[in-house]
Asker: 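Got a structure here, written out as structure tokens. Questions coming.
Just so it is clear, the values below take in all heavy atoms, side chains as well, and ignore hydrogens, waters and symmetry mates. Note that this is a predicted model, so its numbers are computed, not measured. Order of the sequence lines sets the chain letters (A, B, ...), proteins ahead of strands, with each chain counted from 1.
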Protein chains: 2
Amino acid sequence: MTTTTEASVRERLLASAADITAESGWAAVTMSKVATRAGVSRQTVYNELGTKPALGQAMVLRELERFLAIVERELDAADDLVTAIRSATEHILVMAEGNPLLHALLASAHSVSRGNEPASNNELLPFLTTDAQPLIAAATAVIDERLDRFPDVDLGPHQRAVAIDAIVRLVLSHVMQPGSSPAATADDLAWIVARVLRG
Amino acid sequence: MTTTTEASVRERLLASAADITAESGWAAVTMSKVATRAGVSRQTVYNELGTKPALGQAMVLRELERFLAIVERELDAADDLVTAIRSATEHILVMAEGNPLLHALLASAHSVSRGNEPASNNELLPFLTTDAQPLIAAATAVIDERLDRFPDVDLGPHQRAVAIDAIVRLVLSHVMQPGSSPAATADDLAWIVARVLRG
DNA sequence: ACTTTACAGATTCTATGGTTTTGTAAACCT
DNA sequence: AGGTTTACAAAACCATAGAATCTGTAAAGT
């Protein structure tokens, strides 16, 4: 199949774009630089990802999937549901703390029109703030799937959805605006989840 | 006392700034326009509020206090704690839905470098997103005070603080990224609060 | 207490080219 | 096929410079 090669090229392209964004901001990302860094021609970028906004969206989506992969792994690892949520939350927060791309996006919120730097860093920030609904939906779906494995959830479908939505929003809130350490926050959120799920 | 007049001038200035921001964005706000609209000289703006960033901060703070006043009113009105939270949440979400200033700030997230419009609308957005900690702290403090009136809260100080922090973050999340109607969201959050507070 | 007037420095606007980047398309290679 | 090179028009960006505006401070006036 060509799938392996195809995914590999696309993966390398997105990784290159993420690197450049983390180093110099999204405005500094050009199709040429992405292509060069990935060892590929510029047109391959267009063939693979289309336009630059599409590249940005794919890059953010890829990073989201990296986070969601951790969530899936942690939710599958633990036996206890609350422990699973706690572990997934802590891993997400730790991962967020040390994620250069995420920090580049968040940093773009502050210095918007600073000096000679370009101002268009903010094209991607809405994915985390005002247009976070796709992100919330994706995370919600992942948790919803993995939650079937646990027997001690006796909530109706609506209440179940509400609870999942809440934990996703809370984690996202702490990603953008950390309260204390990831471990402490994970403890707190796990306590809330415990109270909500089996009140 | 001069306090009445002083507060009135300051109030008129902040209201003028909020109007201009709602109409044309924060970048279109100049000290002269604010002064003129408030029927006051430009220097009075400087005497009263100092610099323009200070004006922006005061303007946001004033809007926050308008929201928190609603929270206080609703928390004081109801007898049942869960009903109080539900009512406060719904009022906040309804108020947020129809708040022009808030929408001006949120809209600035999208069109950053659009056409000929100035790009510096984003100076105020971080107050709601990446620098929301003061906002969270203020809201948390308000709720914390009003919560003493309700006897059926048997949480330790830490758990109590965690619960309040969570409800504040959840409401803020829904202000920026509404899920469904204010009433439905208020129902859902009230249910969560009920489960958490008296699990 | 507020206004008017004045002022230097910074920032923004306008307008101009020159440059880069985007996005599409073809021909070519292997 | 998957990929590259080359080419190209349109758009976006950059640099420069002068005009206009805005900021922030100060003083004198009412």
Asker: Less than 4.5 Å apart, any side-chain heavy atom of A:F150 and any of A:L197?
Answerer: no
Asker: Less than 4.5 Å apart, side chain to side chain, heavy atoms only: is that true for B:E63 and B:F127?
Answerer: no
Asker: Whole-Å distance between C:dT21 C1' and A:W26 CH2?
Answerer: 13 Å
Asker: Expressed as a whole number of angstroms, how long is the span from B:R10:CZ to C:dA1:P?
Answerer: 16 Å
Asker: Hey, is A:R160 close enough to A:D148 for a salt bridge, meaning N to O under 4.0 Å?
Answerer: yes
Asker: Could you tell me the separation between the CD atom of A:E123 and the P atom of C:dT21, rounded to a whole number of Å?
Answerer: 16 Å
Asker: Compare all side-chain heavy atoms of B:L102 with those of B:L128 and state whether any distance is below 4.5 angstrom.
Answerer: yes
Asker: What is the distance, rounded to the nearest whole Å, between atom CG of A:L49 and atom P of C:dT22?
Answerer: 13 Å
Asker: Less than 4.5 Å apart, any side-chain heavy atom of A:W191 and any of B:V196?
Answerer: yes
Asker: Round to the nearest Å and state the distance from A:M31 atom CE to D:dT4 atom P.
Answerer: 14 Å
Asker: Less than 4.0 Å between a side-chain N and a carboxylate O, is that true for B:R62 and B:E11?
Answerer: yes
Asker: Any chance the side chains of A:S173 and B:R169 put a donor and an acceptor closer than 3.5 Å?
Answerer: yes
Asker: Take the protein atom CG of B:L55 and the nucleotide atom P of D:dC22, then report the distance between them rounded to whole Å.
Answerer: 15 Å
Asker: Between the two end axes of the helix from C:dA1-D:dT30 to C:dA27-D:dT4, each built from 5 base pairs, what angle do you get to the nearest 10°?
Answerer: 50°
Asker: Quick one: do A:E23 and A:R37 make a salt bridge, cutoff under 4.0 Å?
Answerer: yes
Asker: Rounded to the Å, how far apart are A:Y46 OH and D:dT4 C1'?
Answerer: 16 Å
Asker: Near DNA chain C, counting only heavy atoms under 4.0 Å, which residues of residues 36-45 of chain A show up?
Answerer: A:R42, A:Q43
Asker: Are the side chain of A:H91 and the backbone of A:E74 linked by a donor-acceptor contact shorter than 3.5 Å?
Answerer: no
Asker: Between atom CD in A:E48 and atom C1' in D:dA1, what is the gap in whole Å?
Answerer: 14 Å
